[in-house]
K.L.:
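The structure follows.
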Amino acid sequence: MDLALIVMLPFLGALLPGLMIRAGRDACALATGSVTLLALILLLAHAPAVFAGEVIQARWEWLPALGLNVTFFLDGLGFLFAGLILGIGLLIICYARYYLSRKDPMGRFYVFLLLFQGAMVGVVLSDNVLLLLIFWELTSLSSFLLIGYWKHLPEGRQGARMALAVTGLGGLAMIAGMLLLGQIVGSYDISEIIKHGPEIQDSPLYAPALILILLGCFTKSAQFPFHFWLPHAMAAPTPVSAYLHSATMVKAGIFLLARLWPALAGTDLWFYLVATTGLFTMVMAAWIALFKDDLKGLLAFSTVSHLALVTFLFGLGTPMGAIAGIFHIINHASFKAALFMTAGIVDHETGTRDIKKLGGLMGLMPITGTIASLAALSMAGVPLLNGFLTKEMMLHEALATDWAGIPGVVGLAAAVGALFSVSYSFRYIAHVFFGKRPEKFDHPPHDPPAGMYLPPALLIVPVVLIGLFPAAVAGPMVAVASGAVVGGPLPDYYLAIWHGFNLTLVASLVALAGGAFLLYRHAQAKAFREKFPRPEAKRIFESVVESCATLANRVTDALHDGSLRRIMAVTVSTAVIGGALAFMGAEHGAGAREGVPAAPIAVLTWAVLIGACIALVAFHRNRLLTLVIVGVVGVIVSLGFVYLSAPDLALTQISVEVVTVILLLLALNFLPKETPRESSSPRRARDGAIAALAGLGVGGLIFAILNRDFAIPTISDFHLANSKPGGGGTNVVNVILVDFRGFDTFGEIIVLGIAALAIYALLDGALKGPAVKRLQSWVPDQERARDRHPMMLVVATRVMLPLSLLVGVYIFLRGHNDPGGGFIAGLVVAIAFLMQYMASGYGWAERRVKIDYHLMIGWGVLAAGFTGVGAWIAGRPFLTSDFTYVTLPVVGTFEIATALAFDVGVFLTVVGSVMVALANLSRLARTTEAPVSDAPMDVDPTRRGRPAEEEG
Amino acid sequence: MIEIALLIGFFCFAIALILNLYRLAKGPSIADRVLALDTMVINGIAILILYGMYEGTAVYFEASLLFAMVGFLSTVAYCKFILRGDIIE
Amino acid sequence: MDFLIEAIIAFLIIAAGFFGIVGSFGLAKLPDLMTRLHGPTKATTLGIGGVLIASMLYFIGERGEFSWHELLITLFLFLTAPITANFIAKSFLHRRMSAEERERLPAPGGEHGWATFDAPPVDPEDEAPALAAVRRRKP
Amino acid sequence: MRLFHRLFPHPFLTLTLVVVWLMLVNTVSAGHLVLGLILGAVIPLLTAPFWPARPKIRRFPTIVAYVSIVLYDIVKANVHVAWLVLFVPAGKLRSRFVTVPLSLTTPEAITVLAGTITMTPGTVSADVSADGRALLVHCLDAPDDQAVVDEIKQRYEARLKEIFE
Amino acid sequence: MTDLTLNHWIVAPIILPALLAPIIVLAMRHDLFLQRVFSIAGTLALLAIAIGLTVQAAGGPPQSYELGNWDAPFGIVMVLDRLSALMVLLTGVLALVVVSYATASGWDRRGRHFHALFQFQLMGVCGAFLTGDLFNLFVFFEVLLIASYGLMLHGGGAKRTRAGVQYVAVNLVGSTLFLIAVGALYGVTGTLNMADMAVRAAQVPAADQAIFQTAGVLLLIVFAIKAATVPVQFWLPGAYANAPGPVAALFAIMTKVGAYAILRVYTLVFGAAAGDAAWLAADWLLPAALITLAVGMVGVLGAKGLVRLVCFAVIGSMGTLMIAIALFTPQATTAALYYLLHSTFAAAALFLLVDQVVARRRAAGDRIETAPRFLHLGLFAALFFAGAIGMAGMPPLSGFVGKLLVLDAAAAVPQMGLIWAVVLITSLICIVGFARAGSTIFWKADSLAPPSDQDQRAAAPSQPAPSLAVGAVSAMVVGMAALTLFAGPITGYLDATAAQLYEPAGYIRAVLGPDALAGR
Amino acid sequence: MEALVASGVGAMTAAGVYLILRARSFPVIVGLAMLSYAVNVFLFATGRLALDLPPVISKSAEAYTDPLPQALVLTAIVISFGMTAVIVVLALRAYLESGDDAVDIGATDSESADPPPDDPGDPPGEKEGAGR
Ligand code: NA
Ligand code: NA
């Protein structure tokens, strides 16, 4: 339990700084520090057990199906790292309190820091690779926030993005690697995985898994060729650099190498990948560090170099290498954190980190200078300080290693690396704290408050103590941590200053002397280096990302260019090609159905249809003509429905068609009357080809269907058989609509209702904004006849309206037994009203219609809905219908069906929707000009010679 | 006898349809085409009625009535559009 | 069925077919829109009327029941055909007539021109309240 | 009687609707008569606002006579038009517009007249004057303008005047 | 059939909004306050019903509800199983967040009938999830589409209306294809009921297979259009980018309708028992899904506007989802369902957030470029960060778990390498894209005027954050966190859901009766 | 007859597809209308063709055509009518707002679909301070 608590504490604690900042900066820092301290205490409480060789575990099921569980384990390795993270973290918190200025939002800083700390602790304590991955990515994210903390600096933003991109890349690779590892072992538990080393190394998946995981480790630990992000992350505030780049984040990669060492190490592949990368990076980074004029830049590359050293040691795949690696982790964490902090102090006090502008500070800030010097000497590998010990061990191992059968290469390279290391370490001392003091500082620098120098000073204590008494101070820790890495018995080894006068010592001394000499000839060395091109990582990275983004933008925008033509062409082509491939990919037999003979009149009508289709394409630019042709097609389709035994369809089709045409005419009034010729000939040819293929496909498909009988009896036999006895109607289509499949119809009228609402909302909106301006300045694009409401039509509609309504009622009532029904009746009534609107105009008719069409729609849907709900009262499912025969005197026997009530709903919705749509559309025209006369007809002979009286 | 008469009727109205189609295709004005379409609808109704007689069913009556109504309405709409642009004003 | 009735039906159908063709032939053949208009309005109407009456008789003869539906359709067509013709004619006047042709039209005789070309008389006192009413109704 | 007037404010329209209803349902039963009456009463009430000034129609015998004449003329007109269409070359048609001055004053009457003109021999009503005092009639083949005008006025307008005014 | 066990609650998620919407139109057309109250109350009720249904579905086999009391397959049935219940529940959650947001942000005031259209939209979505009838599915598709047209155009504007024309036109083509497919399926199977069609799929004779499978592929394309899968994804950026923020957020469920339909139809009708047509969708879907993912994430990297960025992220997430669906294994389907829940929340969170940000950036709109800082920038930056890591699939939000589940499920198939490579590489692209956009919009803005808490408060002391609107965004983030935290129990439910899908006998028996599969 | 119907459906589809590939809203809408005609006939025809067998139950009829596709087509007709109405109005509004009836929109969406909140018109929500 408390293992989880150690991990969770920083996360939970992350809530505190944001709150405590209200109580002041000290309270904020104190709260943050307490959280870390508490976690550290909890960790240290396990020290006895860990040093006794126990492995402490905690386990909760989280996502067992995936093998992702909340499992933690604490062994020597985990203890070491967790201790470093929390311990150095504590010092950093203290240091940061004094480092951050009043302008910096401190609460946010500590929140990010704690989040990061929690993620790091999670990484090192996880016993599940998937859980580890989660924490791993969290370190990337939280470090992104920390590095970008100073958002106003472009370097901060770029550095943060670069760090996120590189470590994100590694993280994703590692996901794949870890999953592969899990596939091999059958478990994602680390404690399981590290037991299966041989099995893993024999698996064909070993190489890909290893490479992917190493990608994760190397990016995180900034190994070549991913070293470039780390220096740019130095734009972060120094406490962040000190924390992330000495003790924690960059060590995560190293940690993972150590953690998975039993599972992955020991093969040639491992050696060549890991050791080589480490060795190369070590030398290269040290060389670069030598010439960095930015204090933090120097430290950054020295970090890369030292991490590479550890990488190299682990890469050897030998227990001794592992021991040395672990030992160096401890040593490096202590002196490097101290160095970063002193660099921060120098920056803080002098206002610059540029080595060229610094010098002679020892006299001004002796405490800082002493701490820095000790730490730097340790980094250089000067005896009696802890850095010396591990450098010796490294050189020893290197000298004993062949590379691809070539002896000495490794040793030489290691020695050169050590030499460079000495040189830049001395430079940190010599060029900053000694030498010529610059002419003037803005304000004379002096040692900072104790809160700022105590943390590095504390870190120097182990540097010296371990340097003097390695076995006593660091021995147990190294032993228990190395034991955890190696996963077995450790070879004999001695942590001691003096191992006798041997090749290693010679190499070490040569490195020291050579390093000092190189610093002496620094200017010449620099000139030598200037001769080579030095690609600037940041610029390259930014330009790579920018060009990727630009390319992505070009490609995306070129693809998604907002062209409806493209969308349509692709969609139709997809359907055609997909359909064709599917058709050809499956078995197809010719049908055996006997066809219906084609009467000459049918052939004629067909010819008209084909002609109309061709004409439609040929004349589509003349929009009014287009509508006329569509009218022709509509008539033919309706006639076809009648001919082919579908009277209901014919009725519906023809009435819908006319309403649609009227709708289009209303819209066309405002639209251009001609479609410009815009497509090039090839494009038209392409469109024609797509269209022809689509036609062929759809026609072919229906032809195939028409020529076969149902292989399996269709469900509509049931509908035919039960229409009268079960549904109470003889028009089976209508019974299907209002009863068998009444729910479809319910949805359908809702579609109509919504359409009306949407149209209303759209047109209502059009009466505001730019649309209304355009409407008001709209000039008819054709000459207009003078009489708006011709007399003959007005008179005719006066007669036709009541008759049409009667016909509507008739069609409505008979629908259940004969072609007709609520929908068609609704259309007929709507058409009747439309005639009235067309004859006498919107204004006149609108004033006489007492019905609110909106309400009609609402009532229609409700009527249909409540008819359905009514069945619930009878304990039946929604829309269950009932009918009965009622006999009344005089009237006789007639049928009453609930389906009729449902049909009333349909009727009301249809009338309401059509009228809302059309009435609103015509309302639009009213904004264009002076209002139209409110008289029913323009030419009214009754008004001759006498003042007309107000009508209606 | 009626059979033969019906066939002749079919034939006549079919020819009429073709003639309408000729006018529809030729135009020249949109009003010509509207007139042709209107005539087509009426001829179509005639064919429908003949077909009802041929099949001995009255089931096509509503369709005919509706065709008449709709044909009228759409002709008026087209013409009103030609005359005024705005068909409901 | 009675031979006489059958004969009448057959005659009506054939006559109707004849007029149907004639109407459409006129539509196809005649030289300008106004003359073409004469074909469909008359001949086709009679054609469809003949068919409808034939159908009525047919169902009386066949089933012995009187079918009024056809009469309704006939009435409807007779009601609408003149309106249709009127609109086509107005379209012709409006769209297909050149200025000179309009000049050559016979004058209506009064102080106002034909409705297609000349706005109806406006009595300001008559129109004003109505216009105001329309304006009020604008959203 | 008062009750009757309240129920059926437009008895002529009601009657028409009942008859049409019975034609639609194609049966004469008590049930449909009741339903027809209900519809005949309700629909005119609903549509009354759309037909504000309803003309009084009188002289039913004149109506019968008028209808008969018109039907006869329609048949005649068709034969005539058929002749013209089939056998007279397009160039020889003396087609023209004529003005028919009107003495009718109600829109209903004028509309009926215009409709009649369209349905009868060789004439189509093309337009009405803006003040409603004249009809523009197109003749397919008219040797003599005045004859056409006279025939229209005597044969149709006079009768309609009787019926409507 | 069996009135005793009749469960009217199954249709309640459809009937409730269907009746509420007209009541809103009728009774409270002119009173926005009432509309809001009723709309939110109705959505709450829907959520409650959905929770009840989910509990019921988890507790037993699928249940069917025969509308009109007509036996299946002759009438229309609604079917409650784990999947449909889950989808309705997701709809309810999302709807509540969106309607709260729309109310809080005042979006519902910018045009007419927002709440009525919203309720109708819910009706359509729930109907699509619950129906057991293919044609009825078409009808509900249309309901939800037409409501979405109304909602999308809410507020108007030249660009939006034109984008609306495109959106409607594309969907009309989709509907046309749907009808062709349904028609052809009816033409060979003689039924519309999906369970019945599943039974009959095995009996389709060899001679009819070409028609049957063509119809199946056409139907797949229809659903792919809804799910914005390559190559029929082109419509989405224009449509979603121009929809009002809350509506775009609601649309997060619309793409899922397509995904749901694919899962339903291609496990039931074209599943293991479909003979020659078995697993019809698999071969087609996987390549399309992989490309979809790539197209989406490349779009994220290349986006010059924040809204468009989120649109492409949605496309990318649909790609991931489709990859998991296309594998058609129970394990992969579990992953798909988990990812479906996650990506719905992530998309909604980002759309709502971006809506707030765009409103605050004034003239800069959603362009990914520097603009003056605005009040509560830090809050929105944090929310954006959360939404981005959710969408990019980084821990601790559910995207990461979802991605792991998908990758893990893909490990069992031969195309593993390809799938992993595409998923992981696109993740990186996505991360870089979001980092670029976020740092430019939120960090650069900060740098224009160096941060000072005091300055901020002094500048506009009286303007509080629209807490309900921010709360809505946060709710989605919390949703993602909850998905992560309770990943165990949730995947447990989803596992059982997937198992139900791959053992369709239960569904078929629920619809057609216990003897339905006796012949097999 | 089958060939006539099938080729008719094909012709209507082809015409419709050609029109929806145009660059202006009006032909696109007409194309969609044509597609809906085509698909209605397609759907209807999946019940196979029959002459004079309307699905109206009567004693004299010996057989009926398949009523189910007819019912489906009815629903489809109504729905596509609603859809067409919406897109017509939408196209009209788009034309009125932008003065141009092209259907393409640019790829860049940097201009927001919404006017800035301080524009005249409805104010955005935050001023309302909902949730206070
Ligand atoms: Na990082
Ligand atoms: Na329906």
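Quantities reported herein were computed from a predicted structural model and do not represent experimental measurements. Every chain is numbered from 1 and lettered A, B, ... according to where its sequence line falls, protein lines coming before strand lines.
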K.L.:
Check whether any side-chain heavy atom of I79(F) sits under 4.5 Å from a side-chain heavy atom of I146(E), and report yes or no.
P.N.:
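They are not in contact (no side-chain heavy atoms under 4.5 Å apart), so the answer is no.
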K.L.:
What's the shortest heavy-atom distance between I105(F) and Q166(E), and which atoms?
P.N.:
N-NE2, 3.5 Å
K.L.:
Less than 4.5 Å apart, any side-chain heavy atom of F178(E) and any of V39(F)?
P.N.:
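Heavy-atom side-chain distance check fails, nothing below 4.5 Å.
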K.L.:
Quick check on the interface: out of V173(E), V139(E), N171(E), V168(E), who has the most heavy-atom pairs with chain F under 4.5 Å?
P.N.:
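Of the options given, most contacts go to V168(E).
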K.L.:
Please look at L192(E) and chain F and tell me whether the side chain, the backbone, both or neither of the residue comes under 4.5 angstrom of a heavy atom of that chain.
P.N.:
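The answer is the side chain of L192(E).
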K.L.:
Please state whether the side chain, the backbone, both or neither of A45(F) comes within less than 4.5 Å of a heavy atom of chain E.
P.N.:
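When you check distances to chain E, no heavy atom of A45(F) falls under 4.5 Å.
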K.L.:
Under a 4.5 Å heavy-atom cut-off, does chain E meet the side chain of I29(F), its backbone, both or neither?
P.N.:
neither
K.L.:
If every non-hydrogen atom of M83(F) is compared with every non-hydrogen atom of L172(E), which pair is closest and at what distance?
P.N.:
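Shortest heavy-atom separation between M83(F) and L172(E) comes out as CB-CD2, 3.2 Å.
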K.L.:
Determine the minimum heavy-atom distance between G183(E) and T46(F), stating which atoms define it.
P.N.:
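Reported closest heavy-atom pair: O-CG2, 3.1 Å.
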K.L.:
Could you list which of residues 60-70 of chain F have a heavy atom closer than 4.5 Å to any heavy atom of chain E, in residue-number order?
P.N.:
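D66(F), L68(F), P69(F) fall under the 4.5 Å cut-off.
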K.L.:
Applying a criterion of heavy atom separation less than 4.5 Å, what residues of residues 88-100 of chain F form contacts with chain E?
P.N.:
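If one takes a 4.5 Å heavy-atom cut-off, the residues of residues 88-100 of chain F near chain E are L90(F), A91(F), R93(F), A94(F), E97(F), S98(F), D100(F).
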K.L.:
Do you know which of T161(E), D108(E), V143(E) has the most heavy-atom pairs with chain F at a distance under 4.5 angstrom?
P.N.:
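With the most close heavy-atom pairs to chain F, the winner is T161(E).
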K.L.:
Counting only heavy atoms closer than 4.5 Å, note whether Y167(E) contacts chain F via side chain, backbone, both or neither.
P.N.:
neither
K.L.:
Taking side chain as everything from C-beta outward and backbone as N, CA, C, O, which of these in V28(F) sits under 4.5 Å from a heavy atom of chain E? Side chain, backbone, both or neither.
P.N.:
side chain
K.L.:
Which atom names give the shortest non-hydrogen contact between Y149(E) and V86(F), and what distance separates them?
P.N.:
CD1-CG1, 4.1 Å
K.L.:
Would you say the side chain of L32(F) lies within less than 4.5 Å of the side chain of T176(E), judging by non-hydrogen atoms?
P.N.:
no
K.L.:
Which of the residues L72(F), D101(F), V17(F) is involved in the greatest number of heavy-atom pairs with chain E at under 4.5 angstrom?
P.N.:
L72(F)
